[in-house]
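No hydrogens, no waters, no symmetry mates; every other heavy atom, side chains included, goes into these values.
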Amino acid sequence: MKRLVGVSNRTAAGGPKAGGLAVALWDALVDRKGLWFGWSGEVADVARRGVEIFDEEGVSFAVADLTHQEYDGYYLGYANRALWPVLHYRVDLANFDEDQYTCYRGVNRRFAKLLYQRLNPDDMVWIHDYHFFPMAQDLRDLGWRGRTGFFLHVPFPPPEIFKSIPDHKALCQGLCANDVLGFQTISDCENFKKYAISELKAVPIDDDVIDVNGRPITVRAYPIGIDAEEFERLANADEAKKAAARIEPFLNDGRALILGVDRMDYSKGIPNRFQAVGRMLDDDKHLSRNDESALQGKVAYTQIAPPSRTKVDEYAELRKQLDSLAGQINGDYGDLDWIPIRYLARSYPREQLAGLYRLARVVLVTPLHDGMNLVAKEFIAAQDPEDPGVLVLSQFAGAAAQLASGSILVNPHDIASTADAIREGLTMGLSERKRLYEIARKVVYGEDIAWWRESYLHDLDPDLASRNSA
Ligand code: GDG
């Protein structure tokens with residue numbers, strides 16, 4: 001079996017192997033005694049720019065530091081302030097800076113060199129995400145000929161949007177040095193293919209293959225999944241029950257828990273969600289709290305939103321916006337014995353999240369754009385099959401392509417309809433809740449993280465493909 005070499009900006013070295021990418025890559029690397037290459041997470045001086053190598057349970061890690069200048073230019077700058085917003089359809093928030101692009105190219109080349117020195121001709125390289133769009137090309141330039149694949153965890157927008165990046169062509173030419181290009185959804189694939197046909201003169205060979213400059217490239221959707229069984233186990237463990245017990249006093253008199261769990265990122269649509277909850281309460285303003293149908297006092301919305309990328313201005317702005325919106329809604333609709341929104345700008349252990357998902361009557365996954373969104377799948381895996389909660393899901397999450405008929409689908413820009421969808425979830429009868437849950441459960445367990453990894457590696461590894469067809 002070929003050795004697998006995973007490449008991602010952050011590796012799972014030293015930490016728990018939790019979260020989609022970490023679990024998927026870790027298991028594949030354990031299987032194949034592989035190598036995981038990426039940034040160490042450290043920002044250091046020029047003098048310390050070597051690679052640190054160590055082993056964990058048979059997997060080798062090779063990690064390199066970034067310099068302060070690289071951290072600012074490549075990571076905070078180009079990756080997070082140019083690529084991330086455009087890939088999430090937010091050209092208005094993008095900042096294009098030539099020096100940052102130069103720095104991004106420089107880090108890709110430097111990392112490619114560090115990696116190339118450690119590659120054996122028979123290895124297979126699997127590169128992850130937008131931090132390393134040009135990496136495959138940089139490896140090829142150094143003489144690398146082995147099988148190489150790329151997976152994009154975030155959306156690929158329509159060409160009209162992608163082309164707002166001044167260096168869009170160089171980025172995609174770099175991508176085309178891969179043998180397999182994986183996206184989360186068919187619509188991302190179609191966007192990329194449209195771009196490649198119009199800008200790179202790609203020629204479609206069949207549904208899943210394009211030819212670019214005489215090289216065939218497989219372009220396919222591989223929707224990422226979760227380790228559903230493991231998550232279900234977490235949701236039933238003591239730690240989960242303890243977390244549920246901590247929140248239960250706020251759910252007295254049968255108050256229903258509405259839950260949101262998101263990295264604090266403008267792509268996740270948290271302000272729209274706050275507004276939708278506000279709107280839902282506003283719709284009941286004319287009713288007294290004793291009224292049967294009034295939701296005042298009967299729901300408790302908890303939003304867990306660990307801050308991320310706090311050094312980027314747009315994220316600091318979002319923090320202020322959320323602070324203010326939560327305060328306003330609580331001020332407008334709260335009462336002596338009830339606070340509608342509990343907004344917690346901090347992170348909780350995974351085990352505890354699992355307990356909260358299980359307790360929730362409705363979970364709100366309403367991003368404005370999202371590659372997949374694993375919270376939607378974790379929520380399903382954590383449910384009690386005899387009394388499941390309801391997933392309210394944005395049509396713009398990659399997960400909607402799989403879970404549309406197992407959830408209430410919303411347009412998160414439509415605040416009034418989102419408010420109605422939350423109410424529908426809260427008042428849905430048991431049999432309908434079970435029906436939606438069963439549909440979603442089949443997808444979450446059937447197309448789990450092992451399925452994702454195997455589908456991708458089947459296309460990347462010619463040995464696997466020929467063994468399966470033999
Ligand atoms: C990118 C793409 C794609 C959240 N809060 C806490 C916490 N989390 C965990 C969740 C989940 C993960 O973080 C978030 O995953 P998402 O999929 O929602 O989003 P991104 O981080 O933006 O990931 C995304 C993903 O890559 C995989 O391809 O689905 O579209 O944007 O697992 O549970 N975990 C802990 N404490 C928290 O407070 N421990």
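At least one donor-acceptor pair closer than 3.5 Å links the side chain of D211 to the backbone N or O of G214. In this structure a side-chain-to-backbone donor-acceptor pair under 3.5 Å is missing from N178 to V180. Of the possible polar contacts, none joining the R3 side chain to the G34 backbone as a donor-acceptor pair under 3.5 Å is found. A donor-acceptor pair under 3.5 Å links the side-chain atoms of D188 to the main chain of F156, judged by distance alone. In this structure, the side chain of K241 engages the main chain of N236 through a donor-acceptor pair within 3.5 Å.
Between Y315 and W84, the ring center distance fails the sub-6.0 Å criterion. Aromatic ring centres of Y89 and F396: separated by at least 6.0 Å. Checked against a 6.0 Å centroid threshold, the rings of Y101 and F96 do not count as neighbours.
Between D461 and R147 there is no salt bridge, since no side-chain N of the basic residue sits under 4.0 Å from a carboxylate O of the acidic one. Remark: E70 engages R110 in a salt bridge, criterion side-chain N to carboxylate O under 4.0 Å. Salt bridge present: R319 and D323 bring a charged side-chain N and a carboxylate O closer than 4.0 Å. The existence of a salt bridge linking D179 and R140 is confirmed by a sub-4.0 Å separation between a basic side-chain nitrogen and an acidic carboxylate oxygen. Between D265 and R309, at least one side-chain nitrogen of the basic residue sits less than 4.0 Å from a carboxylate oxygen of the acidic one, meeting the salt-bridge criterion. Remark: R273 engages D262 in a salt bridge, criterion side-chain N to carboxylate O under 4.0 Å. The existence of a salt bridge linking D138 and K113 is excluded, since no basic side-chain nitrogen approaches an acidic carboxylate oxygen closer than 4.0 Å.
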